[in-house]
2 protein chains.
Amino acid sequence: MSDVAREAGVSPMTVSRAFKSDAYVNDETRKAILLAADRLGYVMDSMASGLSSRKTGFVAVTIPSINNANFADTVRGLTEGLQEKGLQVLLGYTNYNQEEEERLVRQLLTRRPEAIVVTGGTHTGKCRTMLENAGIPVIETWDIPADPIDSIVGFSNAEASAKIVGHLVATGRTKIAFLGGDASRDTRGFDRRRGFVREMESRGLDATRLVEAGPPPISMREGADALARLMSRWPDTEAVVCVSDLAAFGAMTECQRRGLAVPGTIAIAGFGAYEISDICVPPITSIDPHCYQIGLLAARRIIDLLSDGPDSGTKSQTLVEPSLLVRASTLSERSS
Amino acid sequence: MSDVAREAGVSPMTVSRAFKSDAYVNDETRKAILLAADRLGYVMDSMASGLSSRKTGFVAVTIPSINNANFADTVRGLTEGLQEKGLQVLLGYTNYNQEEEERLVRQLLTRRPEAIVVTGGTHTGKCRTMLENAGIPVIETWDIPADPIDSIVGFSNAEASAKIVGHLVATGRTKIAFLGGDASRDTRGFDRRRGFVREMESRGLDATRLVEAGPPPISMREGADALARLMSRWPDTEAVVCVSDLAAFGAMTECQRRGLAVPGTIAIAGFGAYEISDICVPPITSIDPHCYQIGLLAARRIIDLLSDGPDSGTKSQTLVEPSLLVRASTLSERSS
DNA sequence: CCAATAAATGATATCGATAACAACAATGCG
DNA sequence: CGCATTGTTGTTATCGATATCATTTATTGG
C-alpha cells in the first residue's frame, strides 16, 4: 500500500481511504490512486484491514452437506443477501456430524467472522458454549430449536410432515408409512418423522409403519431399498411419506421396477421441492421449505444485527411457512 | 493471547508456540497453556496469525455453480485433501459468468490465499493477469486449456463425448443428436459439443443435429423442452447425447410423456455420473469424470507446490481419464 | 471580511499474532 | 572439566492495514 502511496504521491492513509467508498477523499485524488494501484497490480489485503478495523467481512456458515441442493440454495440466498454489504460467506460442512461441527465452528471462529450461521438445533456442549461466547450474532436455520442460542430463521419440520399427512388422508389414504428419519444424526429428518407420528396418532391412525433408510445423506438408492423393505413388511401400504425428494424418487423407481402403480396402488410424497420431484413421471408431491428465502432472510437478519448494534439482546424468530406442492404422485383417488 | 499468557504465567510467544504443533515447547507448559486458554475461552486469531507469518491457511476455489453435484464433489475432494495440512477452502461461485469470475477472483485475492483453484480455461484478460501476478500456485480444473496459466488438473471434455459417440455407433445408431452446449457461457459444455461434432464427422456421420438448451446451468426441464424441439425437427433421431445427466433425465421424462421407448426407439446418454442416472428407469449411460478425484488431485498438487517451494516453474498437467458408464438407456440394439 | 464549518490529507499508535534472534539451562562427549 | 549441542523460554521488531487525532485548505453566511 505504501508503494501505491508513493506512486500516487500521497500518504498511505489516503490510499486506504480511497479504497473505502464512504470516506472523505477528493475525487481526483481517488482516481489517481486507483490508477496507480492498477499500474502496480495492487490488491488490498483484507486480512490486515480486518485486523486493524476489527471487521473481517466474513460471515461463517455451516451446513451438513455441500452436496445437497436444498442447503446449496440457502447458501446462495445468504451469499447474495450479504453481498451488498460486502460480506463474504466462509463455508464449511459438517457431514451431519456434531463432533465435526464442533471442530469446524472452532476453526471458523479463528477467522473472526462477524456473524455465524449454523444449521439445526442440536450441538455438542462445547460447540454451544463457543457459539454463545463468540460475541457475534448466531443464526440457527432450518429448524426451530427449543432453546435457541440467539436468532432463528427456520420452519417446523414436524408441521411440514403433518401437512402431508393431512393431504394424504384427504385423498382417502389411511395406511401410511414414513420412510427415513435417522435419530442419531439427522435431527431434521427425525423431526419430520416425529411430526408424522404425532399427526397420524392425533387422527387415530396407525403410526407404526416406519422404515429407516440409514444415516444421512439419504441417497436415492437407499430410498429404493427402503421401499423394498417397506413393501415386504407391510404390503398393503397405501402411501409413503419420504424424508426427502431424493428418497421419494428412489422409492418411486423401485415401484416402477416392481410394477406398483403410482399413485394408483401407492402414493408417494417427498420433501424439499428438488427439481426432480417436479419433472419425473409422475411428478412427486413435495414440501417447499423455501431454502433460498431462508438464506436471504438470515442474511437480512445479520445485516440488521450488525448495523443496529446492541439490539442483539432480543432473540428474534423468523418463521418461514413451508408450502405443500400437490402433484400427481398423490393426487388421484385410490384405484384398487 | 497475552491474557492467556498471564493466566499461564508465561510469555505470549510461548503461548503462540503452544498452539503450533511443531514448535519447541515443554509438554507440561503446553498443557498448562491449553488449559488456561480453555478456561478463558480463548480461540486463536488466524487473521492476525496470517498477517504475521504470511500464511493465511486459505486456498481460494471458484466454481461455476454451488448447486451442482459435480462441482460440489470436486470441492469435497479439495476440502478433504487440504484438511490434513490445515488449509481451509475459501469458496466462491461465478454463475458461469466471466465478469462475475473476475470480480470474485479479485475479492478472493484480497484474502491472500496460498493457492487458487479455478474451474475452466477461459477468463477475462484482467482476471488472467491477476491470476498470473498473484504470486501463488494457480490450478485450473475440469478442463485442459490450450494456454494454461500454471498447473492443470482436468480431462478432455471433447474426448469424453467422442467416447460416447463411439459407443452409440457400436450399438448400431448413426442418426445421433447432441443436446445442450452453450457457446457463450458454458465452455465445458461447448467443448463436449465440439468433441461430438468432430467425432461424428471423423466417422463420416451427419453432425448437424444440434439442439441448444439455453445457458447453463441446464435444468431437467430445459432438457425435456430441448428434446421436444429435437424430435419435432428430426423425428427419426436414434440417439441423443446430452450435455449433462440432468438434461438427459429431463429428456428421458419427455420421452416417457410422448411414449417414445428408451432405448428401443431412442437411446439417451448423459454426462456427470449423477446418482439419478444410475437409479432412474432405465438407468442412463453416462460419463464419470471422477469429480472427487479431481479435487483430491488438485489438493495434492497444491500441497506439493507449497512445500517444494519454487518448483512451481514447471506447468504440470495432471490428467484424469473419464470413464464411460454403459447403462440400459443405450444398451440394447435398436428395436424398430 | 472574518469566524465557523466542512473537506481533504497526514502523523502516529495500534490491531494480534509470529519471525528472528538472544539467553540460559540441561545434556552429552571427548 | 570445558565446550558444543539441544531444549525451552523471552524480547523486540514487524506483518499491512485503519482509528484517531491533528492539520491544512476551501467555503459559507452574517
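Naming convention: chains lettered A, B, ... in sequence-line order (proteins, then strands); numbering from 1 in each chain.
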Is [X] salt-bridged to [Y], going by a charged N under 4.0 Å from an acidic O?
X	Y	value
A/Asp147	A/Arg128	yes
A/Asp73	A/Arg76	yes
A/Arg39	A/Glu7	yes

Spacing between [X] atom [atom1] and [N] atom [atom2], to the nearest angstrom:
X	N	atom1	atom2	result
A/Met1	D/dT14	CE	P	19 Å
A/Lys20	C/dT9	NZ	P	18 Å
B/Lys31	D/dT8	NZ	C1'	16 Å
A/Arg6	C/dG10	CZ	P	14 Å
B/Arg111	D/dC15	CZ	P	21 Å
A/Arg30	C/dA8	CZ	C1'	12 Å
A/Lys55	C/dT14	NZ	P	22 Å
B/Tyr24	C/dA19	OH	C1'	16 Å

Any side-chain N or O of A/Ser11 less than 4.0 Å from the OP1 or OP2 oxygen of C/dG10?
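Yes, such a contact exists.
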Indicate the atoms forming the closest heavy-atom contact of B/Thr56 with A/Met47, along with that distance.
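The pair with the smallest heavy-atom distance is CG2-CE, 4.0 Å.
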Name the closest nucleotide to the [X] side chain, picking from [options].
X	options	answer
B/Ala48	D/dT20, C/dG16, D/dT11	C/dG16
A/Thr14	C/dT9, C/dG16, D/dT8	C/dT9
A/Val25	C/dA11, D/dA17, C/dT9	C/dT9
A/Met13	C/dA19, D/dA19, D/dA17	D/dA19
B/Asn26	C/dA17, C/dC15, D/dT8	D/dT8

Is the ring centre of A/Tyr292 less than 6.0 Å from the ring centre of A/Phe71?
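Judged by ring-centre distance (under 6.0 Å), A/Tyr292 and A/Phe71 do not meet the cut-off.
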Using a 4.0 Å heavy-atom cut-off, does [X] contact any base of the nucleic acid, only the sugar-phosphate backbone, or nothing at all?
X	value
A/Val10	sugar-phosphate
A/Ser2	nothing
A/Phe19	nothing
B/Met47	nothing

Can you say whether a donor on the side chain of B/Ser49 sits under 3.5 Å from an acceptor on the base of C/dA17, or the other way round?
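When only heavy-atom distances are counted, B/Ser49 does not reach the base of C/dA17 through any donor-acceptor pair under 3.5 Å.
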Using only heavy-atom distances, decide whether a donor-acceptor pair under 3.5 angstrom links the side-chain of A/Arg17 to the base of C/dG10.
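Indeed, a donor on one side and an acceptor on the other fall under 3.5 Å apart.
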5' priority, DNA chain D, between A/Leu51 and A/Arg54 [closest heavy atom]
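By nearest-heavy-atom nucleotide position, the 5'-most residue is A/Leu51.
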Is the positively charged end of A/Arg111 above the ring of B/Phe58, judged by distance under 6.0 angstrom from the centroid and angle within 45° of the axis?
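Checked: cation-pi criterion met.
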